[in-house]
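Below is one structure, written out as structure tokens; comments come after it.
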Amino acid sequence: MNALDYYTELYLAVVRGQQQRIETSIKECATIFYCSERNAKLIIHKMEDLHWIRWISGLGRGNKSHIVFLKTLDALVDRQVSTFISAGQLDKALNYIQSHALPEGLSKQCYERIKQEFGYKVETENQLELDILRIPMRRTLATLDPAYAAITSESHISRQLFDCLVNYNVSTNKFVPHIAHSWEVNPDKKVWTFYLRRGILFHHGKELTAQDVLFSFGRICDDENQIPCRWYFRALQKISVVHPYVITFTFSEPTPLLLYLSSLNLAILASDIGFNPKRIIGTGAFRIVKYNRQQLVLERFADYFRERALLNRIELYYAPNLISGQKVYDVSNTQPCAAKNEQVYEENGSGYIMFNFRKQGPQHDPWLRKAISMLIDRNAMIQKLGGNRYQPSNSFLPSESRKNPPVMELEQQIFQTLKKSSYHGETLKFYHFNHDAVLHDALWIKNRAERVGITFELLPLSLEKFYDANLVHDADLVLGGEVLEENIELGINHLFRDQSSLVRRMLDTEQTKKIDQFMEDYIQKDCREERMSVFREVENYLREEKILIYLYHSKREITFHAALAGIKLNAFGWADFSKLWIKPNLSKEKNQN
């Protein structure tokens with residue numbers, strides 16, 4: 001803590017109303033500062049040197065000292081926040097505001113001031129004009145290790161830092177070259193050979209070779225690492241580096257390797273660094289220049305092997321108070337056009353309730369699970385809660401839900417179903433992620449359940465704890481949500497096969513075996529329609545056994561300044577940072593000429 005932090009805590013603790021002269025003691029100050037009395041004296045002297053306070057020592061035994069505040073907290077905070085902003089230290093400004101229980105009016109004033117610094121900015125640094133996009137984040141990031149990517153924000157940001165051997169083109173529904181410029185596969189799809197581009201550089205200057213590919217995939221295959229996506233290589237027999245730029249994979253059975261290799265989980269790491277959270281190195285269009293709990297700064301990688309990013313820098317800050325219902329990519333006031341554009345898209349995915357079959361409890365009773373499913377009126381839920389919720393779901397795909405919409409049951413039928421169960425009023429631990437919209441869902445479901453005699457204890461879970469094993473040990477059921485990536489077939493694989501998937505983590509041994517049988521059949525089908533037919537079988541199994549309960553599908557909206565170009569949303573509702581650019585203010589240029 002610095003002098004401002006101590007001053008703030010002292011001011012908030014002792015100042016009442018307009019009174020600026022307060023009776024106190026060194027001992028009381030030490031308690032407020034959480035330090036020794038000796039250090040408290042040093043802090044007080046520092047504040048006196050800054051002319052923030054005047055300390056008047058008590059004369060005689062038993063007489064308390066007095067402290068006179070020479071600066072109001074509002075004035076001092078306003079000046080300090082402005083100083084942070086002028087110095088380009090938004091992270092420090094945000095950290096200060098978030099670290100203290102400031103009065104509501106002062107806190108709001110600070111956030112309004114900081115909010116002006118977000119969005120798309122054109123700034124000058126070392127006599128160069130830089131295009132910068134600043135985005136607030138609702139939470140701190142769980143991990144940027146691509147092998148563990150399972151949450152939408154982390155997945156999107158990791159895509160800016162790392163590259164895969166091949167990419168998937170959603171427009172053409174085809175796999176396209178990326179790190180590998182070409183590949184060959186034998187007729188039985190068991191042996192795959194990939195030819196790597198020469199001259200691809202990692203962010204620290206090392207050239208990418210087949211050894212880096214071998215290292216990256218060897219890390220995932222190693223059972224000691226327990227990486228969730230290691231199932232990709234379940235049938236792998238060997239990986240052979242046959243040339244510095246050629247690598248061959250041999251499997252014991254036909255394998256759709258292009259599908260797997262396009263997954264972010266299989267992004268290529270540098271063999272000399274691996275994944276080091278303190279030094280994250282990839283080959284992507286952006287490289288990390290600063291990363292802590294408060295801030296992530298990405299800078300355009302000048303030596304990127306494909307088309308370079310158009311933005312110079314992306315700055316992301318932990319600032320939940322600046323988050324609105326929509327992602328807004330704004331532009332500074334240098335642009336005369338204040339018009340806003342809007343894009344709306346339908347997510348492939350669904351909100352759902354997942355029962356925990358790894359833990360003993362009432363949730364194993366199929367009649368109880370059926371009663372919980374019956375009591376949820378999806379249409380009423382959507383109408384009451386609104387927001388991005390827009391369609392009752394009976395599948396992870398909106399197109400499938402429209403073909404087979406969920407049926408609403410009569411309340412009397414719910415009571416009759418519950419009576420068939422062995423449930424006797426036990427409290428069920430109902431975990432939900434600590435996002436406002438998810439909390440509203442959980443409260444709505446809890447209230448519905450209470451009407452028929454089912455008791456839920458709501459337990460919030462931060463996304464940073466998403467991978468925590470305690471969730472599986474403690475929860476009876478979890479309120480989750482899944483957004484499938486642009487390659488839906490890959491998304492389906494992740495949903496049912498990845499060890500990080502919330503669905504898979506809560507299945508028992510027999511259920512897991514059943515799902516795996518479906519998915520083995522799924523990946524061996526030759527055409528999309530046959531694969532989708534298997535997917536429907538999987539979902540029928542989930543519905544009939546009430547393994548999970550589908551809730552609703554969501555739509556996402558994004559608003560952005562008309563001067564900002566290159567906006568194209570991906571499946572996770574983010575715009576590809578590398579494609580964003582600002583249209584120059586041509587009218588300003590004309591006036592200057």
Side-chain angles (χ1 to χ4, degrees), residues 146-147 149 162-169 172-200 207-271 274 283 305-306 485 487-494 496-499 516-531 534-535:
F162 300 96
D163 289 295
C164 299
L165 289 185
V166 300
N167 277 351
Y168 171 74
N169 187 316
T172 63
N173 191 30
K174 292 182 179 179
F175 297 102
V176 295
H178 199 55
I179 286 176
H181 65 81
S182 184
W183 54 84
E184 297 167 353
V185 59
N186 70 344
D188 63 7
K189 294 185 179 179
K190 292 183 180 180
V191 181
W192 293 79
T193 300
F194 291 85
Y195 300 88
L196 311 183
R197 297 178 192 271
R198 296 170 185 255
I200 296 178
E207 184 186 14
L208 185 151
T209 69
Q211 287 295 334
D212 299 298
V213 179
L214 178 65
F215 166 82
S216 300
F217 296 163
R219 171 181 182 248
I220 292 170
C221 293
D222 190 340
D223 286 338
E224 287 190 10
N225 294 329
Q226 290 293 296
I227 292 178
C229 62
R230 60 189 181 279
W231 64 269
Y232 285 133
F233 298 112
R234 179 186 55 80
L236 180 67
Q237 291 183 320
K238 64 177 179 178
I239 306 177
S240 305
V241 173
V242 296
H243 182 275
Y245 302 99
V246 184
I247 191 163
T248 296
F249 301 83
T250 304
F251 295 86
S252 60
E253 61 187 43
T255 302
L257 192 55
L258 293 181
L259 178 68
Y260 300 163
L261 293 181
S262 65
S263 168
L264 172 64
N265 297 139
L266 301 191
I268 307 304
L269 304 178
S271 56
T283 59
F305 71 100
R306 300 301 294 263
E485 54 193 277
N487 186 341
I488 293 174
E489 296 182 23
L490 181 59
I492 291 170
N493 271 285
H494 283 164
F496 295 122
R497 298 299 293 269
D498 268 18
Q499 298 298 326
D516 284 348
Q517 289 171 346
F518 278 125
M519 296 311 296
E520 285 301 315
D521 188 25
Y522 176 88
I523 65 172
Q524 296 303 331
K525 295 298 183 184
D526 290 329
C527 71
R528 180 183 176 87
E529 186 48 47
E530 289 180 342
R531 288 189 290 273
V534 177
F535 171 66

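Along the sequence shown, residues carry numbers from 1.
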(message) With a 4.5 Å cut-off on side-chain heavy atoms, are I268 and F162 touching?
(response) no
(message) Quick check: do E207 and Y245 have side-chain heavy atoms less than 4.5 Å from each other?
(response) yes
(request) Taking the side chain as every heavy atom from C-beta outward, state whether F535 and F496 have any atom pair closer than 4.5 Å. (result) yes
(message) On a heavy-atom basis, which atom in V213 and which in I247 lie closest, and how many Å separate them?
(response) CG1-CD1, 3.7 Å
(message) Is it the case that the ring center of F305 lies less than 6.0 angstrom away from the ring center of H178?
(response) yes
(message) I'd like to know if the side chain of N265 reaches the main chain of P146, judged simply by a donor and an acceptor atom lying under 3.5 Å from each other, with no hydrogens or angles considered.
(response) yes
(request) Would you check if L266 and Y232 make a side-chain contact, meaning some heavy-atom pair closer than 4.5 Å? (result) yes
(message) Taking the side chain as everything from C-beta on, heavy atoms only, tell me whether W183 gets closer than 4.5 Å to L257.
(response) no
(message) Any side-chain to backbone donor/acceptor pair from T193 onto E184? Under 3.5 Å, distance only.
(response) no
(request) I would like to know whether S216 and L269 meet side chain to side chain contact (heavy atoms under 4.5 Å, CB included); could you show each step before the answer? (result) CA-CA 6 Å; S216 300; L269 304 178; 3.7 Å; yes
(request) Mind listing the closest non-hydrogen atom pair of C229 and A147 along with its distance? (result) SG-O, 3.7 Å
(request) Look up atom CZ in R219 and atom CG in N225, then write down how far apart they are to the nearest 0.5 Å. (result) 6.5 Å
(request) Provide the closest heavy-atom pair for V241 versus A210 in the form atom of the first, atom of the second, distance. (result) CG1-CB, 3.8 Å
(message) Using 0.5 Å steps for rounding, measure from the CG atom of L264 to the CD atom of E485.
(response) 8.0 Å
(request) Locate the shortest heavy-atom distance separating E530 from D526; write the atom from each residue and the value. (result) OE1-N, 3.5 Å
(request) Could you give me the CA-CA distance, side-chain angles and deciding distance for K189 and F251, then say whether side chain to side chain contact (heavy atoms under 4.5 Å, CB included) is met? (result) CA-CA 8 Å; K189 294 185 179 179; F251 295 86; over 6 Å; no
(request) Give, for atom CZ of R531 and atom CD of Q524, the distance between the pair rounded to the nearest 0.5 Å. (result) 10.5 Å
(request) Could you tell me the separation between the CG atom of N493 and the OG atom of S263, rounded to the nearest 0.5 Å? (result) 9.5 Å
(message) Under 4.0 Å between a side-chain nitrogen and a carboxylate oxygen: does that hold for E489 and K525?
(response) no
(message) Any carboxylate oxygen within less than 4.0 angstrom of a Lys/Arg side-chain nitrogen, looking at D516 and R497?
(response) yes
(message) So which atom in L258 and which in V166 form the shortest heavy-atom distance, rounded to 0.1 Å?
(response) O-CG2, 3.7 Å
(request) Using modelled atom types only, decide if a donor and an acceptor are shared between the side chain of D212 and the backbone of T209 within a distance under 3.5 Å. (result) yes
(message) Can you confirm whether or not the ring centre of F249 sits under 6.0 Å from the ring centre of F217?
(response) yes
(message) How close do S262 and N487 get, counting heavy atoms only, and between which atoms?
(response) OG-ND2, 4.2 Å
(request) Could you grab the distance from atom CG of L196 to atom CD1 of I179, nearest 0.5 Å is fine? (result) 8.0 Å
(request) May I ask you to test the K190-P254 pair for a side-chain heavy-atom distance under 4.5 Å? (result) yes
(request) Assign the ring pair F194 / W192 to parallel, tilted or perpendicular, where the plane angle (0 to 90°) is split at 30° and 60°. (result) parallel
(message) Rounded at 0.5 Å granularity, tell me how far CG in L208 sits from CG in D163.
(response) 9.0 Å
(request) Would you check if the side chain of T255 reaches a backbone N or O of E253 as a donor-acceptor pair within less than 3.5 Å? (result) yes
